[in-house]
Amino acid sequence: MSAFLSSFASYLIKMIILVALGICGGFIGIKLRQSSDRKKGITTINSESSEQE
């Protein structure tokens, strides 16, 4: 039973690490895309609609 629990805990820790890396990668990708768009002068639809009001 302890072998099962240690194996389960190992996989659980690996899963948590992979999820955290995926979330961090997503946030980094969003930030890099926004930075790239800002440098190219591209504005988002939300900011265009707020400027027109």
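Excluded from the calculations below are hydrogen atoms, water molecules and symmetry mates; all remaining heavy atoms, backbone and side chain alike, are included. Residue numbers count from 1 along this sequence.
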Enquirer: Side-chain heavy atoms under 4.5 angstrom apart, residues restricted to Ile, Leu, Val, Met, Phe, Trp, Tyr: same cluster for Phe8 and Ile17?
Expert: no

Enquirer: Hey, is the main chain of Phe4 close enough, under 3.5 Å, to the side chain of Ser7 for a donor-acceptor pair?
Expert: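 Judged by distance alone, no pair lies under 3.5 Å.
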
Enquirer: Are the side chain of Ser36 and the backbone N or O of Leu32 linked by a donor-acceptor pair below 3.5 Å?
Expert: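 Answer holds: no.
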
Enquirer: Find the distance between CE (Met15) and OG (Ser10) and round it off to the nearest 0.5 Å.
Expert: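 Atom-to-atom, Met15:CE and Ser10:OG are 12.0 Å apart.
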
Enquirer: Following the transitive rule for hydrophobic clusters with a side-chain heavy-atom cut-off under 4.5 Å over Ile, Leu, Val, Met, Phe, Trp and Tyr, establish whether Leu5 and Ile13 coincide in one cluster.
Expert: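 No; Ile13 is not reachable from Leu5 via cluster members.
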
Enquirer: Determine which pairs satisfy salt bridge (charged side-chain N to carboxylate O under 4.0 Å, His left out) with at least one residue from residues 15-29, sequence neighbours left out, and list them in order.
Expert: none

Enquirer: To the nearest 0.5 Å, tell me how far Ile28 CD1 sits from Leu21 CG.
Expert: 9.5 Å

